[in-house]
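Just so we're clear, the structure is a prediction, and the values are computed from it rather than from any experiment.
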Number of protein chains: 2
Amino acid sequence: MLRELGTEARDIAPASEEAKDVLPIDTILVGDCIERMNALPAGSVDLVFADPPYYLQLDKGLTRPDQSNVAGVHDDWDKFNDFAHYDQFTRDWLAAAKRVLKPNGAIWVIGSYHNIFRVGATLQDLGYWMMNDVIWRKANPMPNFRGTRFTNAHETLIWATRSQDSKAVFNYDALKQSNDDTQMRSDWLFPICTGQERLKDENDDKVHPTQKPEALLYRVLMATSKPGDVILDPFFGTGTTGAVAKKLGRHFIGIERESDYINAALKRIASIKPLDKVVLETVKGKRAEKRVAFGSLIEQGLMEPGAILLDSKKKFKAVVRADGSLSCEGHEGSIHKVGAAVQGQTACNGWTYWHIQQGKDLVLIDELRAEIRSRMHKLSA
Amino acid sequence: MLRELGTEARDIAPASEEAKDVLPIDTILVGDCIERMNALPAGSVDLVFADPPYYLQLDKGLTRPDQSNVAGVHDDWDKFNDFAHYDQFTRDWLAAAKRVLKPNGAIWVIGSYHNIFRVGATLQDLGYWMMNDVIWRKANPMPNFRGTRFTNAHETLIWATRSQDSKAVFNYDALKQSNDDTQMRSDWLFPICTGQERLKDENDDKVHPTQKPEALLYRVLMATSKPGDVILDPFFGTGTTGAVAKKLGRHFIGIERESDYINAALKRIASIKPLDKVVLETVKGKRAEKRVAFGSLIEQGLMEPGAILLDSKKKFKAVVRADGSLSCEGHEGSIHKVGAAVQGQTACNGWTYWHIQQGKDLVLIDELRAEIRSRMHKLSA
DNA sequence: CCCACGATTGAATCCGAAC
DNA sequence: CGTTCGGATTCAATCGTGG
């Protein structure tokens, strides 16, 4: 029995007319992802983001040095008989995903060393074209409690297009702008999903054992999709993809089997407010010469897209856009460029010009940068 | 025609006698790596480090990083056949490597997204057991000149043992010590090989297009090998593995076909001076310590039968019996068993749980163990 | 209100020598 | 070979509590 669970997000972001007509936009489809994908029209989806089962093969329990128990992934959905079965499953869902992708569509898959080599080889076998493998470096990974291996401190994402001649969306300048005006690298640093962001049930247990951080999806969608695009997540879980897609003015289609996950995802996504169109406009063309790391403030949650920056006299108000650029009185660009423009000057250090209102006080954004640097410093080399 | 090129390193590092007798130690074998590996005795090598040819899908057939032809590929194979060919090559050399590895041997393979997924899946298919995938983060990667992808700023290494029940060498404590006393993570930051380290020919061109930095091999060998171990590199190139192995008191066996690479490697390795044995001593953890039976404290007069042991909060009092067992609140047995039982836990390290009263102070019985070990040490010296 | 401290937790293929 | 059991093993971040 297959149902469709819509959310109120359906009408918020702009979408192409044909997509609205033929696709269950901003909806969670209940059931097996292969069956549900095969029921969608071919060539209709812009991007797939998939977080499939990793097939961890954990047999025994694990305790911390203080004898406490580690809650591993022992769910049925991660159980397979052997690699042959896992490979077959992988081939099937990747083939189904390829069918629903538009000719210029692309896919992201995340995994660990347990499964990512099977996934990568199968992607290549099916004719997908690799663009990058991307490393999510975890700021706070779980240690290796037995001292037998290196701390498993990363996961691998593969970004591939539907075929070799697909022309993928890649917002190069926006990414560069948000990364100190240097090219975005293939190694990304984010904390794992904890704290307020981690969904808990009524018993204060985690709803999903492997919820991904929104910052990760934020970068994926900002990098390789446009507002109005349709993002399909065949392993929707608790809906991180949907939440970030809605926030960023993209449409999502989620597929999930577990009702507990679906219920949590629906509630979660309902509370998301999409960012304003103006905020979402990505920078086009070459950008400022000065080095800025402003975008990382947004990725790491120290500043919300749509936030207002003020100069010390509150004369100018600038809107922070999702890619880390500012918009103020007709000027747009980096914090430095806009700071200079509104003052009628040729140059300006945005870090020591713009403030953010915190209660009664104005706080210099340079203080937020210091916080970022402090975080990075702990992790360097 | 196969030759063997020895270097003067043969006699420098200590090696087991049997290895010296049957293996071409500290030698570069000329020719095809599969043939030469198959000519080596089975179960004779401690560690394999391999930097195999990349598979560049844009080219016809299998090429090295320098575009030279690896195998006689005459046909215009389609993609599937190309991958099949690369997979066959990968399976053949990985199977040959597995045969020459000792039962507790291990392998490292480095690659990029072009080939590492084929390599990883084949390793699993052949029964190797993954320990970690490790990310080499390049401090100074080549930028993506066309701005179409993320800067390819890393390469992936796979560390796997010969089989699931192999007991791999892993110098956990030495690594932790060298990493600011925290566990070594799976993401490593090193610059690419440039400057003085980069081998150049008479025209000042680089001898090898993908020479790896010695720092990378240094960490690999320090982490997963011991002095005297035999390291096999089937794609020896200009001999980074051999140079670092010699420096670190390990033996190497290199296999290479190109005489230009071999000549550069021979010259390079000849100039390496092995580090002194004393310098090569690493931090050892408690696991390396000899076991001390609790009863020996009594035998050696450090503790009297009938003595009282206390936990740190003096909640439990245990009586030491003449045979070295404890008795406490109806529980009896080893210091570990009783410690676990009184706490209601499944395990406990009695040495770091129980104390004896000395005057006003509580002294951990682990200190008495240290005294025993100190005495044993003086006796053996 | 702020700081110190303790408790908790996270996609994990997590022991090995002796008998 | 399997079983037993000694005893070795954790980092960053969040959240709650108490001073």
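- Few gaps surround CG on A:Asp205; more than 12 heavy atoms of other groups in view lie less than 6.0 Å from it.
- Rounded to whole Å, atom P of C:dA11 lies 11 Å from atom CG of A:Asn152.
- In this structure, A:Asn140 places its CG atom 10 Å from C1' of D:dT14, rounding to the nearest Å.
- Among the nucleotides C:dA12, C:dA11, C:dC15, the one closest to any side-chain atom of A:His74 is C:dA12.
- No donor-acceptor contact under 3.5 Å links the side chain of B:Arg369 to the base of D:dG7.
- The separation between B:His331 atom NE2 and D:dC5 atom P is 17 Å, rounded to whole Å.
- Within the 4.0 angstrom heavy-atom criterion, base atoms lie near A:Pro52.
- Regarding B:Asn349, its CG atom lies at a distance of 11 Å from the P atom of D:dG6, rounded to whole Å.
- B:Tyr172 comes within 4.0 angstrom of sugar-phosphate atoms only, judged by non-hydrogen atoms across all strands, and of no base.
- The separation of D:dT9 from C:dA12, taken at their C1' atoms, amounts to 14 Å, rounded to a whole angstrom.
- Within the structure, a side-chain polar atom (N or O) of B:Lys176 is placed less than 4.0 Å from OP1 or OP2 of D:dT10.
- At the heavy-atom level, A:Lys60 lies under 4.0 Å from base atoms of the strands shown.
- A:His208 and A:Trp77 have parallel rings, their planes meeting at less than 30° on a 0 to 90° scale where 60° marks the start of perpendicular.
- Between C:dC15 and A:Arg146, a contact under 4.0 Å exists linking OP1 or OP2 to a side-chain N or O.
- A:Gln67 comes within 4.0 angstrom of a base, heavy atoms only.
- D:dT10 and C:dG6 have their C1' atoms separated by 16 Å, given to the nearest Å.
- At the heavy-atom level, B:Gln183 lies under 4.0 Å from the strands shown only through sugar-phosphate atoms.
- Taking the P atoms as reference points, C:dC14 lies 23 Å from D:dG7, given to the whole Å.
- In this entry the distance linking NZ of A:Lys200 with P of C:dT8 reads 13 Å, nearest Å.
- Two rings, from A:Trp188 and A:Trp136, have their centers 6.0 Å or more apart.
- Residue contacts for A:Ser112: at a heavy-atom cut-off of 4.0 Å it reaches no nucleic acid atom on any strand shown.
- When each of A:Thr194 and A:Asp66 is assigned the nucleotide of DNA chain D with its nearest heavy atom, A:Asp66 is the one assigned upstream, toward the 5' end.
- If you check C:dA4 for Watson-Crick or wobble pairing at under 3.5 angstrom, you find it paired to D:dT17.
- The distance between the ring centers of A:Tyr55 and A:Phe89 does not fall below 6.0 angstrom.
- With hydrogens and angles ignored, no donor-acceptor pair closer than 3.5 Å exists between the side chain of A:Lys138 and the base of D:dA13.
- Contacts of A:Trp136 with the nucleic acid, taken as non-hydrogen atoms under 4.0 Å apart, are absent.
- Between D:dG6 and B:His336, no contact under 4.0 Å exists linking OP1 or OP2 to a side-chain N or O.
- Among the nucleotides C:dC14, C:dA11, C:dA12, the one closest to any side-chain atom of A:Phe145 is C:dC14.
- Comparing A:Gln196 and B:Lys286, the nucleotide of DNA chain D nearest to each residue sits closer to the 5' end for B:Lys286.
- Here the OG1 atom belonging to A:Thr148 is positioned 7.5 Å from the CZ atom belonging to B:Arg287, to the nearest 0.5 angstrom.
- Base pairing analysis places C:dA18 opposite D:dT3; the two distances defining the Watson-Crick or G-U wobble pair are each below 3.5 Å.
- Listed pair A:Arg198 / C:dA11 meets the phosphate criterion, a side-chain N or O lying under 4.0 Å from OP1 or OP2.
- Remark: C:dG10 base-pairs with D:dC11; criterion is Watson-Crick or G-U wobble with both hydrogen-bond distances under 3.5 Å.
- Of the candidates D:dG7, C:dA12, C:dA11, D:dG7 carries the atom nearest the B:Ala347 side chain, counting heavy atoms from C-beta on.
- Using atom P as the reference point in both D:dA8 and C:dG10, the two lie 28 Å apart (nearest Å).
- In this entry the distance linking CG of B:Asp187 with P of D:dA12 reads 12 Å, nearest Å.
- Residues A:Gln57 and A:Pro141 each lie close to DNA chain C; by heavy-atom proximity, the contact nearer the 5' end of the strand is made by A:Pro141.
- For the 3.5 Å distance criterion, the side chains of B:Trp108 and B:Thr224 qualify, holding a donor opposite an acceptor.
- Contact annotation: B:Lys167 reaches the phosphate of C:dA17 (side-chain N/O to OP1 or OP2, under 4.0 Å).
- With B:Leu157 as reference, B:Ile110 is the one residue of B:Ile110, B:Asp133, B:Asn132 to meet the side chain to side chain contact (heavy atoms under 4.5 Å, CB included) rule.
- Each of D:dG6, D:dC11, C:dC14 was ranked by its minimum atom distance to the side chain of A:Thr148; first place goes to C:dC14.
- When heavy atoms are screened at a 4.0 angstrom cut-off, B:Trp129 is found touching base atoms of the nucleic acid.
- The distance from atom NZ of B:Lys337 to atom CG of B:Leu326, rounded to the nearest 0.5 Å, is 12.5 Å.
- Among the protein residues, A:Asn144 comes within range of the nucleic acid bases, having at least one heavy atom under 4.0 Å from a base atom.
- Nucleotide D:dA8 holds its C1' atom 19 Å from the NZ atom of B:Lys290, rounded to whole Å.
- Going from atom CZ of A:Phe150 over to atom P of C:dC14 covers 16 Å, rounded to whole Å.
- Residue-level contact check: B:Ser334 touches the backbone only, with heavy atoms under 4.0 Å from sugar-phosphate atoms and none from bases.
- Comparing the C1' positions of D:dG6 and C:dA11 gives an interatomic distance of 31 Å, to the nearest angstrom.
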